Amino acid sequence: MIRTYSLILKRSDNVVIQDFNFSWNKGENIVLVGPNGGGKSTLALGLSGILPVEPGSIVIDSKDITDYDLKSLRKKIGIVFQDPETQFVTTDVWREIGFGLSNIKEESSRIKERVECVIEDFNLRGILDRDPSTLSAGEKQLVAIAGIYAMQPEFLIFDEVTSYLDRKSRERIYELWDSIASSLMIITQNFQEIGFGDKVILLDDGKISFEAQTEDLEGSAHFSYDSDFFNLLKKNQNQIPEYNKIVEILK
């Protein structure tokens, strides 16, 4: 389990997350939605150990996140960013997939074994010699995911990874979400992706303003037109594909 206690996180000296209490159970997939600037990415950076914790704490399996070394932490939690190129550090796909494992000092035989398994799982055999920067947007995202997935983290965060992908590439990511064994956090503004979560959380102004089990949502009072959830939908309707269709489904 990942749990936060009175968590405070800052970006550029501004407090974004304040007095935040949250839990994420093993085997639980969470969809995190909310407006731009609401704190979604900041929370993801904090949970993954990239952004330092201010007062408060993040506890992973009864151990404070600051007590983990890099290797142990990356086996617990990984993150894939919206722009995959921010994660690329090598000049061919094979080495890119294996870089994370190499960075945490896995043995070379273990790296080769994991990379070969991931290549098959992600069907990347045909692009292994390519420079990641020359790939299509969908291929880049798959390679970025493959590099994190190779480390087999127990918890895996996807920070708006489908935002700039075409339909075919999005569907490939969706297939991966259905098959990945890690517990997932899917950060998205595409409300059609809610169905991939066991729980939906609305984060606004650094606070949880709405939380519900996905299976309990349809036809419930949570979708009254004056609810936090519908207010967010309406506020962002110009950015949401098929907004009217989604509203009809959720009513």
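Because the structure is a prediction, the values reported are computed rather than measured. Heavy-atom basis, side chains included; hydrogens, waters and symmetry copies ignored.
Of the possible donor and acceptor atoms, none in the side chain of D159 sits under 3.5 Å from a partner among the backbone N and O of I187. Between the side chain of D204 and the backbone N or O of G34 there is no donor-acceptor pair closer than 3.5 Å. Of the possible donor and acceptor atoms, none in the side chain of R3 sits under 3.5 Å from a partner among the backbone N and O of S57. Between the side chain of E28 and the main chain of S183, no donor-acceptor pair closer than 3.5 Å is present. Not one N or O on the side chain of E106 forms a donor-acceptor pair closer than 3.5 Å with the backbone of I111. Distance alone, capped at 3.5 Å, is enough to place a donor-acceptor pair between the N21 side chain and the S6 backbone.
Side-chain contact check for K40 versus E160: some heavy-atom pair is nearer than 4.5 Å. Residues I77 and I65 form no side-chain contact, since every pair of their non-hydrogen atoms from C-beta on lies 4.5 Å or further apart. Counting only heavy atoms from C-beta outward, the side chains of L70 and I104 approach each other to under 4.5 Å. At least one side-chain heavy atom of D61 sits less than 4.5 Å from a side-chain heavy atom of E154. For the pair I127 and V143, the minimum side-chain heavy-atom distance is below 4.5 Å. Side-chain contact between F81 and I50: present, with at least one pair of heavy atoms (C-beta onward) separated by less than 4.5 Å. Contact of the T214 side chain with the V31 side chain is not registered, since no non-hydrogen atoms from C-beta on lie closer than 4.5 Å. Annotation: side chain of R114 is in contact with side chain of Q152 (closest heavy-atom distance under 4.5 Å).
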Step by step, would you call M185 with L47 a side-chain contact (heavy atoms from CB on, under 4.5 Å)?
-> CA-CA 11 Å; M185 176 180 285; L47 292 176; 3.8 Å; yes
K168 and D166: CA distance, side-chain angles, deciding distance, salt bridge (charged side-chain N to carboxylate O under 4.0 Å, His left out) verdict = CA-CA 6 Å; K168 184 177 180 180; D166 58 26; over 6 Å; no
Criterion side-chain contact (heavy atoms from CB on, under 4.5 Å) on L142 and N123, from CA distance to verdict = CA-CA 10 Å; L142 283 176; N123 193 25; over 6 Å; no
With side-chain contact (heavy atoms from CB on, under 4.5 Å) as the test, would you mind laying out the steps for T188 and V33 before giving the verdict?
-> CA-CA 5 Å; T188 184; V33 297; 4.0 Å; yes
Taking it one step at a time, do V53 and T4 satisfy side-chain contact (heavy atoms from CB on, under 4.5 Å)?
-> CA-CA 10 Å; V53 176; T4 71; over 6 Å; no
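Rounding to the nearest 0.5 angstrom, the gap separating the CD1 atom in I157 from the OG atom in S182 is 11.0 Å. Between the OG atom of S108 and the CD atom of E113 there is a distance of 11.5 Å, given to the nearest 0.5 Å. A distance of 11.0 Å separates CG in L203 from CD in E211, rounded to the nearest 0.5 Å. The distance from the CG atom of L135 to the NZ atom of K140 is 7.0 Å, given to the nearest 0.5 Å. The OG atom of S102 lies 14.0 Å from the CZ atom of R110; values are rounded to the nearest 0.5 Å. One finds the CZ atom of R74 at 13.5 Å from the NZ atom of K76 (value rounded to the nearest 0.5 Å).
The aromatic rings of F155 and W24 lie perpendicular to each other, with more than 60° between the two planes, well past the 30° mark. The aromatic rings of W177 and F196 stand perpendicular to each other, their planes meeting at an angle above 60°, with 30° marking the opposite boundary.
With salt bridges taken as basic N to acidic carboxylate O contacts below 4.0 Å, one links E120 and R125. Under 4.0 Å is where a charged nitrogen must lie from a carboxylate oxygen, and between D69 and K71 no such pair does. Electrostatic pairing of E175 and R172 counts as a salt bridge here, judged by a charged N lying under 4.0 Å from a carboxylate O.
The environment of D129 atom CG is sparse: at most 12 non-hydrogen atoms of other residues, nucleotides or ligands sit within 6.0 angstrom. The environment of F122 atom CZ is dense: over 12 non-hydrogen atoms of other residues, nucleotides or ligands sit within 6.0 angstrom. At most 12 heavy atoms of other shown residues, nucleotides or ligands fall within 6.0 angstrom of atom NZ in K112.
Looking at Q141 and S169, their side chains never bring a donor and an acceptor atom within 3.5 Å of each other. Between the side chains of T134 and D131, no donor-acceptor pair of N or O atoms lies under 3.5 Å. Donor-acceptor pairing under 3.5 Å is recorded for the side chains of T66 and D64.
Linking Ile, Leu, Val, Met, Phe, Trp and Tyr whenever their side-chain heavy atoms come within less than 4.5 Å leaves I79 and F99 in two separate clusters. Both L43 and L51 belong to a common hydrophobic cluster when Ile, Leu, Val, Met, Phe, Trp and Tyr are linked at side-chain heavy-atom distances under 4.5 angstrom. The hydrophobic clustering, which links ILVMFWY residues whose side-chain heavy atoms are closer than 4.5 Å, places V161 and L165 together. No chain of hydrophobic side-chain contacts below 4.5 Å, direct or via other Ile, Leu, Val, Met, Phe, Trp or Tyr residues, connects I58 to Y5. Following chains of ILVMFWY side-chain contacts shorter than 4.5 Å, one cannot reach F20 starting from V15, and the two form parts of different hydrophobic clusters.
Counting all heavy atoms, side chain and backbone alike, L156 lies closest to V80 at CD1-CG2, 4.4 Å. The two residues P153 and G78 have their closest heavy-atom pair at CB-N, 3.7 Å.
Under a cutoff of 6.0 Å and an axis angle of 45°, K63 and Y68 form a cation-pi pair.
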